[in-house]
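To start, the structure itself, in structure tokens.
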Amino acid sequence: MTENRRISDFIAYKRSVEAKYPVLTSSPKIITVDGVDGSGKTTLSSKICSLLSDTFGKDRVLLVSATNLRGSSNQVRLNSISKSRDDFHGDYRLDLVYTVGVNRAYGDLIYPAIEAGKIVVVDRSEVDLLRYAIERKDEISLSKRAAFIAEGTLTHRLWAGNRVFLKMTADDIWANLSERGVNSSYDPRSLEEVRRRIEAQDEAEAAILRMSAFGKVNVIAMPNTRVEDLIEREKYLSDIAKQIVENLVID
């Protein structure tokens with residue numbers, strides 16, 4: 001495919017999205033799960049998806065890892081390129097890869113799924129992009145990113161109609177991260193870093209909720225406590241997932 005063809009295809013696609021969603025529009029079929037690294041997002045996202053699949057059918061529910069660059073060929077390709085480039089490093093790589101990753105997750109996976117009438121559970125969301133800028137005290141990046149999100153540029157004019165915010169203490173999060181053994185290079189490296197990340201997360205979530213979108217947004221702030229025993233922990237997380245699903249508003 002030539003570069004001109006790619007551009008023309010993208011423009012046609014963008015116009016089709018704008019025609020369908022002229023303003024930022026919330027969809028009750030989009031469920032985002034956010035929280036500090038180590039708060040149980042991935043585990044609970046999977047459990048929520050499984051419970052919804054039991055009700056609506058496996059072919060009607062999709063689990064997407066928005067910033068982990070899994071699920072679409074464009075996301076995988078972007079991740080491979082970023083790792084092979086010497087100039088893609090540190091905060092710069094995080095900014096570029098995660099920002100484009102969210103955009104591609106919505107374009108390649110979430111938007112088509114919503115158009116097909118499916119329910120989408122999103123592990124992490126655009127909240128992460130605000131949090132990273134807040135943590136670094138990067139006002140310019142924060143302002144640009146907030147504008148992209150508020151305009152719907154990153155999410156193809158779609159907005160989560162259900163937002164789940166996981167709330168966990170710094171001590172419990174740090175214990176979870178320490179238990180992992182091999183952590184992401186972007187995970188907090190100390191208890192103090194976890195505390196700062198929680199503050200930034202709260203600020204980012206509040207900023208997202210202040211943004212205006214057509215339609216209603218159902219917010220679920222779910223406390224999550226670390227359970228030491230692995231069997232009991234599994235039961236506890238399953239119960240939390242059930243509570244979340246019971247409080248979802250899906251038309």
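Along the sequence shown, the residues carry numbers beginning at 1. Any value given below was found using the heavy atoms of this structure, including those in side chains, with hydrogens, waters and symmetry copies removed.
Both Val61 and Ile220 sit in one connected hydrophobic cluster of ILVMFWY residues. Membership requires side-chain heavy atoms under 4.5 Å apart, directly or through other members. Placement of Leu44 and Ile31 within a single hydrophobic cluster is found when ILVMFWY residues are connected by side-chain heavy-atom separations under 4.5 Å, directly or transitively. Ile134 and Leu209 end up in the same hydrophobic cluster when Ile, Leu, Val, Met, Phe, Trp and Tyr side chains are linked at under 4.5 Å. In terms of hydrophobic clustering, with Ile, Leu, Val, Met, Phe, Trp and Tyr side chains grouped at heavy-atom distances under 4.5 Å, Phe148 and Ile208 are assigned to a common cluster. Linking ILVMFWY residues whenever their side-chain heavy atoms come closer than 4.5 Å, directly or via other members, places Val219 and Ile149 in the same cluster.
In this structure a side-chain-to-backbone donor-acceptor pair under 3.5 Å is missing from Asn218 to Gly161. In this structure a side-chain-to-backbone donor-acceptor pair under 3.5 Å is present from Lys41 to Gly35. Under the 3.5 Å distance criterion, the side-chain polar atoms of Arg136 are matched with a main-chain donor or acceptor of Tyr132. Side-chain N or O atoms of Arg233 include one that pairs as donor or acceptor with a backbone N or O of Val227 at under 3.5 Å. Distance alone, capped at 3.5 Å, is enough to place a donor-acceptor pair between the Asp172 side chain and the Arg226 backbone. No side-chain donor-acceptor contact under 3.5 Å links Asn176 to the backbone of Ser39. Remark: side-chain polar atoms of Ser178 are paired, donor with acceptor, to backbone N or O of Trp174 under 3.5 angstrom. One N or O on the side chain of Ser26 and one on the backbone of Lys216 form a donor-acceptor pair closer than 3.5 Å. Judged by distance alone, with hydrogens and angles left aside, the side-chain atoms of Ser53 form a donor-acceptor pair with the main-chain N or O of Cys49 at under 3.5 Å.
A distance of 9.5 Å separates CG of Leu166 from CD1 of Ile173, quoted to the nearest 0.5 Å. Put simply, CG on Asn162 and CG on Leu248 are 4.5 Å apart, with the number rounded to the nearest 0.5 Å. Distance check: Leu237 CG to Asn224 CG gives 5.5 Å after rounding to the nearest 0.5 Å. Atom NZ of residue Lys118 and atom CG of residue Leu62 lie 6.5 Å apart, to the nearest 0.5 angstrom. Taking CZ of Arg145 as the start and CG of Asp138 as the end, the distance is 8.0 Å to the nearest 0.5 Å. Put simply, OG on Ser27 and OH on Tyr111 are 11.5 Å apart, with the number rounded to the nearest 0.5 Å.
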Task: Residue pair Glu246, Lys242: steps toward the salt bridge (charged side-chain N to carboxylate O under 4.0 Å, His left out) verdict - done: CA-CA 6 Å; Glu246 288 171 357; Lys242 289 178 183 177; over 6 Å; no
Open item on the list: Determine whether Lys137 and Glu199 satisfy the following criterion, salt bridge (charged side-chain N to carboxylate O under 4.0 Å, His left out), listing intermediate values before the conclusion.
Closed with: CA-CA 12 Å; Lys137 303 185 186 304; Glu199 292 178 0; over 6 Å; no
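Here the side chains of Leu63 and Val121 are in contact, with some heavy-atom distance below 4.5 Å. At a threshold of 4.5 Å between non-hydrogen side-chain atoms, the residues Val127 and Thr32 do not count as touching. With contacts defined as side-chain heavy-atom distances shorter than 4.5 Å, the pair Glu126/Met211 does not qualify. Residues Val102 and Asp128 form no side-chain contact, since every pair of their non-hydrogen atoms from C-beta on lies 4.5 Å or further apart. Between Asp202 and Arg131 the shortest side-chain heavy-atom distance does not fall below 4.5 Å. Side-chain atoms of Leu154 and Leu129, non-hydrogen and from C-beta on, do get closer than 4.5 Å to each other.
The shortest non-hydrogen separation linking Val64 to Ala105 is CG1-CB, 4.2 Å. Minimum interatomic distance between Met168 and Ile198 (heavy atoms only, all atoms of both residues): O-CD1, 3.7 Å. Between Leu24 and Leu158, the closest heavy-atom pair is CD1-O, 3.8 Å. Considering every non-hydrogen atom in both Arg60 and Ala116, the closest pair reads NH2-O, 2.9 Å. Considering every non-hydrogen atom in both Leu191 and Ala170, the closest pair reads CD1-O, 3.5 Å. Nearest heavy atoms, Ser45 versus Val122: OG-O, 4.4 Å.
In this structure, Tyr236 places its OH atom where more than 12 heavy-atom neighbours from other residues, nucleotides or ligands lie under 6.0 Å away.
Applying side-chain contact (heavy atoms from CB on, under 4.5 Å) to Ile119 and the options Ile250, Ile48, Ile30 leaves one that passes, Ile250. Checking each of Arg163, Arg210, Lys167 against Glu205 for a salt bridge (Lys or Arg N to Asp or Glu O under 4.0 Å) leaves exactly one that passes, namely Lys167. No option in Arg180, Arg189, Arg124 other than Arg124 meets the salt bridge (Lys or Arg N to Asp or Glu O under 4.0 Å) test with Asp37.
At a cut-off of 3.5 Å, with distance as the only test, a side-chain donor of Lys47 or Ser238 sits close to an acceptor on the other residue.
Using the six-membered ring where Trp is involved, Tyr106 and His156 have ring planes that are parallel, under 30° apart on the 30 and 60° scheme.
A salt bridge links Glu135 with Arg197; the closest basic N to acidic carboxylate O contact falls under 4.0 Å.
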